[in-house]
Amino acid sequence: MMQVTFQNQPVTISGNLPKVGDKAPDFCLCTASLEDFKLSDHLGSVLILSIVPSLDTGVCATSARKFNQEATSLDGVKVLCISEDLPFAADRFCTAAGIKNVMTLSDFRKDGNFGENYGVMIKDSALRGLLTRSIFVIDKEGKIAYVELVPEITNEPNYAAAIEAAKKCL
């Protein structure tokens with residue numbers, strides 16, 4: 001597994017990071033309205049999973065804003081921002097920031113081991129229990145088309161590469 005750091009200190013990430021071409025593990029996450037959001041219910045759509053530790057940090061907020069801006073030109077692509085944040089807090093952030101093109105999803109219920117199944121659960125450091133910054137693009141058939149595990153948690157992901165991968169899936 002690739003080494004991940006937080007403020008240049010090594011961080012242990014657990015789980016199984018899916019590879020390009022793998023079937024995306026199904027998941028059940030919580031929407032802002034406390035509904036279940038299951039990957040299996042959204043096959044036929046191209047999905048960008050922007051996974052962040054918490055929207056209450058500058059880099060995570062920037063990431064959500066950037067994907068919100070890019071999503072306006074991505075017809076047929078759903079952008080999902082996934083964190084451990086409570087659904088209420090994520091919804092409040094999106095409302096205050098004017099984010100309307102990104103759907104926030106929360107893993108706070110821990111239904112189905114999302115962090116472990118996607119290989120993004122932080123096991124140690126001050127951020128243990130949160131998800132590490134990463135991007136997955138899932139094609140219409142539910143296969144992984146792009147993976148980025150951001151090496152330094154405080155850095156932004158490669159937006160252009162993720163968006164290009166999503167466009168190729170259309």
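In this text the structure is predicted, and so the values were computed from the model without any measurement.
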Okay, side chain of D22, backbone of A24: is any donor-acceptor separation there less than 3.5 Å?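 Between the backbone of A24 and the side chain of D22 there is no qualifying donor-acceptor contact (under 3.5 Å).
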Has N68 got a side-chain atom pairing as donor or acceptor with N101's backbone, closer than 3.5 angstrom?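 Confirmed, N68 side chain pairs with N101 backbone.
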Look at the aromatic rings of F37 and F27 and report parallel, tilted or perpendicular, splitting at 30° and 60°.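 Correct class here is parallel.
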Checking D56 against F93 for the side-chain contact (heavy atoms from CB on, under 4.5 Å) test, could you report, in this order, the C-alpha distance in whole Å, the side-chain angles of both residues, the deciding distance, and whether it holds? CA-CA 8 Å; D56 200 27; F93 164 80; over 6 Å; no
Which of L74, I99, T62, I135 passes side-chain contact (heavy atoms from CB on, under 4.5 Å) with F67? Answer is I135
Sole residue of I48, I144, L80 in side-chain contact (heavy atoms from CB on, under 4.5 Å) with F136: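 Output: one option passes, namely I144.
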Derivation of the side-chain contact (heavy atoms from CB on, under 4.5 Å) call for Q9 and V11: CA-CA 6 Å; Q9 297 300 310; V11 172; 5.8 Å; no
Using a distance-only test with no angle check, is there a side-chain donor-acceptor pair under 3.5 angstrom linking [X] and [Y]?
X: E152; Y: T5; answer: yes
X: T31; Y: S33; answer: yes
X: D124; Y: T12; answer: yes
X: T154; Y: Q7; answer: no

Hey, mind stepping through R133 and N155 against side-chain contact (heavy atoms from CB on, under 4.5 Å) and telling me if it holds? CA-CA 8 Å; R133 188 174 320 286; N155 291 343; 5.9 Å; no
Looking at K143, I'd like to know if its NZ atom is crowded, meaning that more than 12 non-hydrogen atoms belonging to other residues, nucleotides or ligands lie closer than 6.0 Å. no
Test salt bridge (charged side-chain N to carboxylate O under 4.0 Å, His left out) on K168 and D139 and set out the steps. CA-CA 9 Å; K168 287 180 180 177; D139 71 15; over 6 Å; no
Do K110 and E84 sit within salt-bridge range, that is, some charged N less than 4.0 Å from a carboxylate O?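 A salt bridge links K110 with E84.
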